[in-house]
Amino acid sequence: MRSLLVALVLIFFSSDAGSVYWSSTVSTDSSSWSIYRQSDTFQFEQHGYVEGTISSIEFKGRTLPPYLSCSSDFGSNDVHLQERIAAREGSYRSEDMSELKSSADAEITKNTTKFPSGLYTIDYEEEWPVFLGAGRLLAYQGENINYRDYAENNRDSVGSNFLYSKRLLRLRGLDMHLEKMNISILADDNSLQHIEVMPIGNLSYKMDANATGIADLYYRKTASQYDIKHKIYPALSEGWERYYGSFKIHRQILMNLSSLDLAIDNQSMSCCLGNTGETLN
Amino acid sequence: MKFFKAAVFVITALALLSAVGFCKLSVTVSCGNGFSDESSTVTYGEDTISASQKLVADPRGGEMSNHFNFQGSLPGASSTCTDSGGNQVYLYRMVSGTQSTHGSWDWSITSSSLPGGWVQGELWLNAYNAKLIRAESSASNSEGDKARSTATISSISIVSNLDNYYTKAYADPYTASTAQSATSAKGDTINFDTYATNKEGDMAESYTSGTNGEVKSYSAKAYSKWQEAYAELDKTMQANVPSGSIMQKMYALKYDLASPRYNDRSESKEYLKSGYMLTKSANPNGYADTAYASKYYDITSAYSSADFTRNPNGVAYSFASYSNKPLGGSVSQTVYAPNGISSFNSFSLTGPGQIGSEQVVKL
């Protein structure tokens, strides 16, 4: 019985302790809109490697069942990645690396103008950039594994679930970048008329998987225009897929936030993982 | 209880009435860094003809500032800054008028961004051709010290002006202070109130109230801290009230925690109806207009001085009063200036073995 081998490197830099936030609310007699932003100036890097067999152990006279559980949440300024892994007895190998850079030193500006016609324009400018890159190679064979990941960059999101998999080989690369955000509001004394929240950045997601069990894949690209009546940012494009059985999956998603410059980033995190020797075929 | 219910009903009814038929837009911006939180709310209304605002928030530095030009009325705007140590400052201004009303307005709130640090707020305001102008700054700390400046200028017709107004509030764990100044304030009624109180209830105040005239070169400040409160009219104030009146009062109160009926207080004021008044520095032998209360020294004092030119139908008098715990009562004196008298010095003083109330009139 081979025990788990764990290697983990964490690097954390922060220019100042404590996060910063700003928020704003615009309201009229008939409608309102709010925003809340939180960020910090720091840098975070992680490299992890785990290889071994998930098996039962004896502890103080008791037998603990074989079990593995991993959870990670990290991000800044509405750029986030969440991962959950839970597995039972089997062979397990995971290599992952993640990097998060965030800056929240710049000032926030808001310009409000009321014109003699009665119209208001309210413009916000935020330049709190964030870069989040994360790659993971996961290989499992055994009784059962559940894996979920969910990535979001300022309301645009992508994710996957692999559930009840007896065999899972999965490689995922993720880059998310937020450069800045502009907000533009048009209103009069009675109501808000037009709101556009325009983050500038991108989300690049690449995933290859060879798995059994259930696979859910989803993404959501939201509009920059706020639906004032329903108080939501409606989806421009949204997809959800579910597969039962045994399958190979290749998926590549690139979203640019409020920009038409769709340049595929060939330097995604997936290419930076070590030579694993694994094959997805 | 009935009175309380009636008051609540009236206030609610007034609030509802004021809301009916009045469309407005309000914008709130907040920021913070874990040590301090800054917030600003501006309300615009249908009477706001045009406005241009630039707000800059620096959450990391614990700062927020604003530049604002407007034409028409601005229903109200406030800014606050609170830190984790319980220090707080508050700024407020409101201008009501018509389409010809205009002005500019800036403010800045800052904090030390450190535990146990300080917070500060500053407000600059120019408003012209208004019916009602109100501005305020206040400061408080967790110790219980408070300081507040208010300015209210109003007119039945559209003649209220407030030129180059500035107010500042500051609070740290040991002190709360405020100051306000204006190059000129003109209107049917003009009120400046600058005062400070401490946790022990001691108070010092400078209060100016005028009607139908103009006050120039106004500047006052006040602070409170442990067992002490102080207020001062720190520049020569000029009041031109040919058809109105002006009153300048300095007031100090030493609160008796055990028995409020034994409070010590001192009050000194000058009053002129129809004429022209100068305070402090125009009178080289006069007193600086100050008010001071100290529980530590067991003393209150109030001083004021004024030169005046009285119109033929005018009235001028000086008033000083004190109450003192050992006496258990109060004494007040009022001196009306006969013809030919053009200057007052007044002081009022209470303390252990040191009590008095006196007016000096000069030829």
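A note on names: the letters A, B, ... follow the listed sequences, proteins ahead of strands, and every chain is numbered from 1.
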Interatomic spacing from [atom1] in [X] to [atom2] in [Y] - rounded to 0.5 Å:
{"X": "A:Lys110", "Y": "B:Asn66", "atom1": "NZ", "atom2": "CG", "value": "7.5 Å"}
{"X": "B:Glu46", "Y": "A:Asn190", "atom1": "CD", "atom2": "CG", "value": "6.5 Å"}
{"X": "A:Trp22", "Y": "B:Glu38", "atom1": "CH2", "atom2": "CD", "value": "14.5 Å"}
{"X": "A:Thr28", "Y": "B:Tyr44", "atom1": "OG1", "atom2": "OH", "value": "14.0 Å"}
{"X": "B:Ser26", "Y": "A:Asp29", "atom1": "OG", "atom2": "CG", "value": "9.0 Å"}
{"X": "B:Leu25", "Y": "A:Ser32", "atom1": "CG", "atom2": "OG", "value": "11.0 Å"}

Below 4.5 Å from any heavy atom of chain B, which atoms of [X] appear? Answer side chain, backbone, both or neither.
{"X": "A:Asp188", "answer": "backbone"}
{"X": "A:Tyr21", "answer": "both"}
{"X": "A:Tyr36", "answer": "neither"}

Q | Test side chain to side chain contact (heavy atoms under 4.5 Å, CB included) applied to B:Val27 and A:Ile185, A:Val26, A:Thr25, the passing residue | A |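 Per the side chain to side chain contact (heavy atoms under 4.5 Å, CB included) rule, the option paired with B:Val27 is A:Val26, out of A:Ile185, A:Val26, A:Thr25.
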
Q. Would you call A:Asp189 and B:Lys24 a salt bridge, taking side-chain N to carboxylate O under 4.0 Å as the test?
A. no

Q: Indicate yes or no: does B:Arg60 engage A:Asp40 in a salt bridge with an N to O separation below 4.0 Å.
A: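 Looking at B:Arg60 and A:Asp40, the cut-off is met.
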
Would you say [atom1] of [X] has more than 12 non-hydrogen atoms from neighbouring residues, nucleotides or ligands within 6.0 angstrom?
{"X": "A:Gln193", "atom1": "CD", "answer": "yes"}
{"X": "A:Arg84", "atom1": "CZ", "answer": "yes"}
{"X": "B:Arg134", "atom1": "CZ", "answer": "no"}

Q) Is the side chain of A:Lys114 donor-acceptor paired with the backbone N or O of B:Gly45 at a distance under 3.5 Å, no angle test? A) yes

Q. Checking A:Thr112 side chain against B:Gln53 main chain: does a donor-acceptor pair fall under 3.5 Å?
A.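 Side chain of A:Thr112 to backbone of B:Gln53: no pair is present.
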
Q) Do you know which of B:Gly34, B:Gly62, B:Ser52 has the most heavy-atom pairs with chain A at a distance under 4.5 angstrom? A)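 Max contact count across the listed options: B:Ser52.
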
